[in-house]
Peer 1: 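Have a look at this one.
Any value given below was found using the heavy atoms of this structure, including those in side chains, with hydrogens, waters and symmetry copies removed.
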Amino acid sequence: MVSARPAVQQLPAYRPGRNPADLAREIGVERAVKLASNEVAFPPLPAVVEALAATAGETNRYPDNGAVVLTAALAERYGVDPDQVVTGCGAVMLCQQLAQAFNDPGTSIAFAWRSFEMYPLLARVAGARAVQVPLVPGRPGGPADTHDLEAMAAAVDGSTRVVFVCNPNNPTGTAVRRRELERFLDAVPTDTLVVLDEAYREFVTDPEVPDGLELMRGRPNVAVLRTFSKAWGLAGLRVGYLVAEDPAVADAVRRTHVPFSVSTLAQAAAVAALASEDEVRRRCAAVTAERERLTAALRERDLDVSDSQANFVWLPLGEEAAGLAAALESRAVITRPFAGEGIRVTVGTPEEDDVFLAALDQARSAATVA
């Protein structure tokens with residue numbers, strides 16, 4: 001009998017956000033609201049729709065294996081050389097390529113926890129040890145559930161090949177600030193690669209949260225990871241990118257890519273999205289304004305919600321998380337629970353968020369009565 005590697009057999013399955021149409025049918029309602037996957041609620045950008053229509057007739061041919069047009073556009077936008085840029089089938093694929101490029105069995109990958117749930121899975125697949133550094137808990141005058149960078153620096157040892165810093169952090173939405181991050185980057189040995197995972201960078205409003213690309217410059221062991229899936233509205237097309245200060249880092253990641261993994265349609269859409277940056281900025285401003293409204297509404301309900309710098313908010317509910325998420329789902333609202341820890345709620349449209357708040361009130365009232 002053919003068996004997979006034990007590490008692979010033990011991998012938990014990744015849980016995507018539930019399909020709202022399926023839930024609506026299951027509970028017999030006209031529509032369910034999905035606030036689980038951190039998508040933006042806006043439709044695709046007009047320029048993206050035009051680019052997809054113009055490119056659809058080319059899908060009988062293989063894509064450009066190097067995504068040359070997109071790579072050049074990203075290099076120009078960020079003022080780097082094209083050989084410092086790597087594109088991939090979403091930021092998750094690039095995370096996997098990083099692990100494949102830099103980790104051997106016996107080495108380690110360090111990251112905060114809780115953070116992006118793919119990090120420990122990637123370590124297992126690479127045969128590496130996952131070093132999980134607990135988040136800083138809530139404290140007077142400071143945000144709850146954020147990176148403990150001092151502890152992360154202390155956790156780096158001779159086996160550490162890659163460190164992921166998710167900033168803003170998924171699922172808590174909290175972010176580390178410039179002085180802390182600069183101190184951390186200066187403390188990490190130069191032979192350890194630090195990856196600043198900035199999937200939600202476009203939603204940052206705190207001026208003290210630095211742009212990772214600025215901190216990357218002059219630091220050869222730093223790379224920045226971003227995606228078109230969130231602010232740019234291309235979640236269904238799967239395209240992300242890595243920018244590395246050292247071209248050798250980018251070259252190593254490029255060598256592990258799956259050929260043709262950025263589709264013709266994805267490249268055309270991403271290039272069109274980049275050319276529509278003003279509209280993307282307007283959309284992000286609308287999201288962050290709604291984020292503030294939603295945060296205030298949750299605090300009015302005596303929920304301990306930290307300031308989020310992403311397009312979601314985090315409810316640290318502990319053991320109540322799974323039950324409340326199930327109660328919300330029974331009321332046609334899909335959120336993302338992390339059992340025993342909390343619930344992540346994507347910022348939707350004002351109408352969607354009002355549906356969520358009403359369902360939340362009903363669920364909490366029912367729980368009190370019970």
Side-chain angles (χ1 to χ4, degrees), residues 17 33-42 91 111-117 135-149 164-178 180-181 196-212 226-227 229-233 235 280-281 283-318 321 324-325 328 333-338 341-350 352-354 356-357 360:
V33 171
K34 181 183 178 185
L35 301 176
S37 298
N38 302 341
E39 303 140 325
V40 291
F42 296 100
F111 47 88
W113 197 252
R114 172 160 305 261
S115 190
F116 183 38
E117 61 195 290
L135 296 171
V136 177
R139 61 190 188 279
D145 299 324
T146 194
H147 281 60
D148 186 340
L149 291 181
F164 284 105
V165 178
C166 191
N167 200 41
N169 187 46
N170 178 13
T172 62
T174 53
V176 293
R177 295 181 168 180
R178 181 181 302 275
E180 302 165 86
L181 190 51
L196 304 178
D197 186 345
E198 296 188 333
Y200 300 94
R201 172 64 206 174
E202 293 85 354
F203 303 106
V204 171
T205 55
D206 183 346
E208 291 301 312
V209 177
D211 183 328
R226 292 187 181 173
T227 182
S229 293
K230 311 303 181 187
W232 303 87
V280 171
R281 288 183 183 277
R283 292 181 173 196
C284 288
V287 171
T288 57
E290 177 61 12
R291 179 183 72 198
E292 298 309 308
R293 186 185 79 91
L294 179 59
T295 299
L298 291 167
R299 288 173 177 168
E300 288 172 1
R301 289 161 169 80
D302 295 322
L303 289 165
D304 183 18
V305 181
S306 292
D307 290 335
S308 173
Q309 294 296 309
N311 69 330
F312 54 84
V313 295
W314 172 248
L315 308 183
L317 297 169
L324 180 57
L328 290 169
V333 177
I334 304 169
T335 58
R336 189 59 179 268
F338 296 81
E341 298 178 68
I343 296 176
R344 190 188 69 197
V345 183
T346 304
V347 176
T349 66
E352 289 174 331
D353 291 340
D354 284 343
F356 158 67
L357 291 169
L360 177 66

Peer 1: Considering residues at least two apart in sequence or located in another chain, which fulfil the side-chain contact (heavy atoms from CB on, under 4.5 Å) criterion with R299?
Peer 2: T295, V305, D307

Peer 1: Would you please name every residue forming a ring-ring contact (aromatic ring centres under 6.0 Å, His included) with F203, sequence neighbours left out?
Peer 2: none

Peer 1: Which distance, rounded to the nearest 0.5 Å, do you find between the OG of S306 and the CH2 of W314?
Peer 2: 10.5 Å

Peer 1: Do L35 and F312 touch side chain to side chain, with heavy atoms closer than 4.5 Å?
Peer 2: no

Peer 1: side-chain contact (heavy atoms from CB on, under 4.5 Å) with D354: which residues, sequence neighbours excluded?
Peer 2: R293, L357

Peer 1: Please evaluate residues D145 and V136 with respect to the criterion side-chain contact (heavy atoms from CB on, under 4.5 Å), reporting the C-alpha separation (whole Å), side-chain torsions for both, the decisive distance (0.1 Å), and the verdict.
Peer 2: CA-CA 5 Å; D145 299 324; V136 177; over 6 Å; no

Peer 1: Could you measure the distance from the OG atom of S115 to the NE2 atom of H147? Nearest 0.5 Å is fine.
Peer 2: 4.5 Å

Peer 1: Considering only heavy atoms from C-beta outward, does the side chain of Q309 approach that of Y200 to under 4.5 Å?
Peer 2: no

Peer 1: Walk me through whether K230 and E39 qualify under side-chain contact (heavy atoms from CB on, under 4.5 Å).
Peer 2: CA-CA 6 Å; K230 311 303 181 187; E39 303 140 325; over 6 Å; no

Peer 1: Distance-only, no hydrogens or angles: does the D353 side chain make a donor-acceptor pair with backbone N or O of L294 under 3.5 Å?
Peer 2: no

Peer 1: To the nearest 0.5 angstrom, please state how far the CD atom of E208 sits from the CG atom of L181.
Peer 2: 12.5 Å

Peer 1: Salt bridge or not for K34 and E352, using N-O below 4.0 Å?
Peer 2: no

Peer 1: Checking side-chain contact (heavy atoms from CB on, under 4.5 Å) between V345 and each of V333, L298, L328, L315, which is the one that passes?
Peer 2: L315

Peer 1: Would you check if L324 and I343 make a side-chain contact, meaning some heavy-atom pair closer than 4.5 Å?
Peer 2: yes

Peer 1: Have T172 and R344 got a donor and an acceptor in their side chains that come within less than 3.5 Å?
Peer 2: no

Peer 1: Do side-chain atoms of E198 reach the backbone of P168 as a donor and acceptor pair under 3.5 angstrom?
Peer 2: no

Peer 1: Short question: side chain of N169, backbone of R114 - any donor-acceptor pair under 3.5 Å?
Peer 2: yes

Peer 1: I'd like to know if the side chain of R178 reaches the main chain of D211, judged simply by a donor and an acceptor atom lying under 3.5 Å from each other, with no hydrogens or angles considered.
Peer 2: no

Peer 1: Should L149 and V176 be marked as a side-chain contact (heavy atoms from CB on, under 4.5 Å) after you check the CA-CA gap, both sets of side-chain angles, and the distance that decides it?
Peer 2: CA-CA 9 Å; L149 291 181; V176 293; 4.1 Å; yes

Peer 1: Which atoms form the tightest heavy-atom contact between V40 and G233, and what is the distance?
Peer 2: CG2-CA, 3.8 Å

Peer 1: Tell me, with the steps shown, if W232 and T227 meet side-chain contact (heavy atoms from CB on, under 4.5 Å).
Peer 2: CA-CA 8 Å; W232 303 87; T227 182; over 6 Å; no

Peer 1: Considering all heavy atoms of both residues, which atom of G342 and which atom of A321 are nearest to each other, and what is their separation?
Peer 2: O-CB, 3.5 Å

Peer 1: Would you mind checking if E202 and R283 are paired as a salt bridge, meaning a charged N to carboxylate O distance below 4.0 Å?
Peer 2: no

Peer 1: For D197 and V165, indicate whether the former's side chain and the latter's backbone hold a donor-acceptor pair under 3.5 Å.
Peer 2: no

Peer 1: Is there a donor-acceptor contact under 3.5 Å from the side chain of T346 to the main chain of N38?
Peer 2: yes

Peer 1: Calculate, to the nearest 0.5 Å, the distance between atoms CG and OG1 belonging to N167 and T174 respectively.
Peer 2: 8.0 Å

